[in-house]
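Following: one structure in structure tokens, then a few remarks.
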Amino acid sequence: MTLPDAEQLIAALTEQIRPHVTADTAMVGIHTGGVWLAKRLHAALGLSKPLGVMDVAFYRDDYGKKGLHPNPRKSEIPFDVAGAPIILVDDVLYTGRTTRAALNELFDYGRPARVDLAVLVDRGGRELPVAPRFVAHTLETPLAPTDSLQLEEAGEGALTLRLIHA
Amino acid sequence: MLNPQLTKDGKLAHLLTLEGLPKSILTEILDIAAPFTEVAEREVKKLPLLRGKSVFNVFFENSTRTRTTFEIAAKRLSADVINLNVSTSSTSKGETLLDTVDNLCAMGADMFVMRHASSGAPYLLAQHLRATGRDHISVVNAGDGRHAHPTQGLLDMYTIRHYKKDFTNLTVAVVGDVLHSRVARSEIAALTTLGVPEVRVIGPKTLLPTDVERMGVRVFHDMREGLKGVDVVMMLRLQNERMQGALLPSSQEYFKVWGLTPEKLALAKPDAIVMHPGPMNRGIEIDSAVADGGNAVILPQVTFGIAVRMAVMSMLAGH
């Protein structure tokens, strides 16, 4: 399978989101790929509120089975969540469990006006009722559960998609 | 022998002492604690990690700060917390430690946080749980006799790392009543494991253990000499309640020779930090001018203690 070019997808995603941006729009990226992507979108869209970042390690539903994920990072939401329209950004949408965890964490900061999900690639395989509002690319055939699709840094600020077969 | 604190695959099963814990686990605890510090700034100061778990704080010895910070840590992780002040309860009616524990297990305990006046009591508890096939229940030592106070040692390491960034270029002085101090033992073990090149112990001969050099420290019986050029001053509390017989002439005398005054602190590096595990005896081991001064990080220690205890509990409950 040939993967689409991440840079082209980022440009397309930016234009999808742009008409819906208001002066109040805030953005939160989910570690790690989602933060890289969010930084790009945040700059391209010229959002005035500072970018938020979240590591959902403490909200994951597999903690009871797998324990704590190693190296959790600090979540930082440098704007008032209460009443804010928020675009939640992740690189790849899969089961929807990360999105669920991110929503739970976000609501512990306050009650947002609305939350929209923006992702670069929807790889299929949803296990929860989660749907993105903005999506740059949807895989026609969902990936196998053993496959891993992720965003990677390609140097000089560029991003690229990588598929790993287990 | 199997390290009773670790699971077969090398993860933390209980936290009993910092002695013998590998550097990788100490560092992992400090790394995990860092993001927990941010929870205190949220509207909802809670994370769901220990939701549905019951944490029993079993204190056979009095404590306010340690018990409270353990309670806050467990509650911020959404656990149900049950506080038992056992010194005023069943044991005074003759129940043994293990019978008390078995009863609490029957009430559905998932974790014990235990303080006991006897060194080794938390080990006994951990062994008992393993021997009776209750490996899923973890034990955190909240201070046992003169032996260990691992979470205090860890929060002290977190504090040092927060202010000094790197352990491998520091000179650290532990000052005062080392003989009776479980805090000092945990601190020295952790400092050594984390690669601090020079750990000094400063105190009167009567308040230092006879074999203190074997802990890998430089011993000073002159406080001014010992404080010269240090980066970190870790004060210890003078533990009057554990002293039998006349180890000291008087507390005024002690303050004169071993109390940390601004004048003595001036011998340390200008940016040295001053730590104290609490509760402080002002005017005995530490001058108020130092305790409230710009070098003191005693209150941040308390705040970091919550995050460090959250890290330990979330590692144990997920093992």
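Side-chain atoms are counted along with the backbone in the values below, which use heavy atoms only and exclude waters and symmetry mates. Reminder, nothing fancy here: chain letters follow the sequence lines and each chain counts from 1. This is a predicted model, so every value here is computed, not measured.
Side-chain contact between Asp108(A) and Val39(B) is absent, with no heavy atoms from C-beta onward closer than 4.5 Å. When side chains are defined from C-beta on, Ser314(B) counts as touching Tyr63(A), because their heavy atoms get closer than 4.5 Å.
Contacts from residues 109-143 of chain A to chain B, taken as heavy-atom pairs separated by less than 4.5 Å, involve Tyr109(A), Gly110(A) in sequence order. Of residues 71-78 of chain A, those residues with a non-hydrogen atom less than 4.5 Å from any non-hydrogen atom of chain B are, in numerical order, Asn71(A), Pro72(A), Arg73(A), Lys74(A), Ser75(A).
Within a 6.0 Å radius of NZ in Lys66(A), no more than 12 heavy atoms belonging to other residues, nucleotides or ligands are found. Counting heavy atoms of neighbouring residues, nucleotides and ligands inside a 6.0 Å radius, atom CZ of Arg18(A) exceeds 12 of them. Annotation for Lys39(A): atom NZ does not count as buried by contact number, only 12 or fewer foreign heavy atoms lying within 6.0 Å.
If you measure heavy-atom distances from Lys53(B) to chain A, you find no contacts under 4.5 Å at all.
Distance CD/Glu38(B) to CZ/Phe58(A): 9.0 Å, rounded to 0.5 Å.
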